[in-house]
2 protein chains.
Amino acid sequence: MGASKVDIYSDQINAIAAIAKVFAHPARVAILKYISSQESCICNDIVDKIGLAQPTISQHLKVINEAGLLNGSFEGKSICYCLNVDRFQEIQEHLNAYFNQTKSNCC
Amino acid sequence: MGASKVDIYSDQINAIAAIAKVFAHPARVAILKYISSQESCICNDIVDKIGLAQPTISQHLKVINEAGLLNGSFEGKSICYCLNVDRFQEIQEHLNAYFNQTKSNCC
DNA sequence: ATTTAATATCGTAATATTGCAATAATACAA
DNA sequence: TTGTATTATTGCAATATTACGATATTAAAT
């Protein structure tokens with residue numbers, strides 16, 4: 001097979017896995033870090049900074065965007081990619097809730 | 001290609017991605033949740049609970065174990081898999097450090 | 001020593017992910 | 001309108017992941 005059997009898990013569990021997946025590639029972690037460190041940045045900067053080809057960066061940005069983690073308009077020429085800090089915080093809290101819940105009752 | 005270019009990222013970034021990868025599959029999130037909810041549990045319980053074949057569970061447990069998240073001996077017949085709460089907490093703090101650091105300076 | 005029960009490993013098929021070259025689309029400037 | 005610069009999309013090759021049947025290993029019980 002090879003595909004995850006998403007339907008056999010609860011929504012909460014799938015949500016955690018989906019969130020984790022965004023951070024499960026170093027390029028995306030690096031991109032998020034870089035975006036947050038810049039006042040505003042455009043994709044070409046990222047390409048130079050990270051060291052991957054432009055289409056590859058664009059693909060990773062799409063994943064990050066689909067997680068709701070990008071702010072600003074992003075079509076056309078010179079574009080401002082910004083970290084959606086609210087969503088970023090929300091994700092952090094979501095993860096912490098899972099961690100705290102899981103920690104609570106153990107041998 | 002298809003392989004992550006691990007060598008072009010900092011250790012910190014690769015570490016975050018490696019941690020996230022553990023949680024990036026719902027089966028592993030579910031296994032961790034189940035393990036933590038039981039006083040002690042054996043793999044066969046997990047197989048019944050999660051609904052994947054025994055080899056598949058075993059494979060996921062290996063990933064979890066390699067992340068240092070399992071306590072107890074795990075060879076032979078009846079085995080007690082326990083969540084390594086210390087390591088679990090350590091990972092939580094590691095992620096929070098990354099999140100807080102990334103949040104701090106943004107537009 | 002044999003059986004039994006539980007977990008690990010191997011081999012393999014199916015799907016997902018990653019990465020990039022080529023190309024398209026978009027926005028702006030001249 | 002015609003470049004020019006920037007980002008998105010497409011198509012494809014390579015690698016990784018997921019899942020499971022078959023089999024091996026392990027530990028305990030009989």
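Small disclaimer: the values here were computed from a predicted structure and weren't measured. Order of the sequence lines fixes the chain letters, A, B, ..., with proteins taken first and strands second; residue numbering starts at 1 for each chain.
In terms of phosphate contacts, B:Thr56 brings no side-chain nitrogen or oxygen within less than 4.0 Å of OP1 or OP2 of D:dA19. Residue B:Lys21 has a polar side-chain atom (N or O) positioned under 4.0 Å from OP1 or OP2 of D:dT17. For D:dA19, the OP1/OP2 oxygens have a side-chain nitrogen or oxygen of B:His60 closer than 4.0 Å.
Annotation: B:Asp11, atom CG; neighbour count of heavy atoms from other residues, nucleotides and ligands within 6.0 Å does not exceed 12.
A:Gln12 and A:Gln101 share a side-chain donor-acceptor pair at under 3.5 Å.
Comparing C:dC10, D:dT9, C:dT18 by their nearest atom to the side chain of B:Pro55 picks out C:dC10. Looking at the side chain of B:Tyr9, the nearest of the listed nucleotides C:dC10, D:dA19, C:dG19 is C:dG19. Here the nucleotide nearest the side chain of B:Ser58, chosen from C:dT9, C:dC20, D:dA19, is C:dT9. The side chain of B:His25 lies closest to D:dA19, out of D:dA19, D:dA8, C:dG19.
For B:Tyr34, there are no ring pair (Phe, Tyr, Trp, His ring centres under 6.0 Å) partners two or more places apart in sequence or in a different chain.
With hydrogens and angles left out, the side chain of B:Gln54 and the base of C:dA8 share a donor-acceptor pair within 3.5 Å.
For residues 87-99 of chain A, the salt bridge (Lys or Arg N to Asp or Glu O under 4.0 Å) pairs, not counting sequence neighbours, are A:Arg87-A:Glu90.
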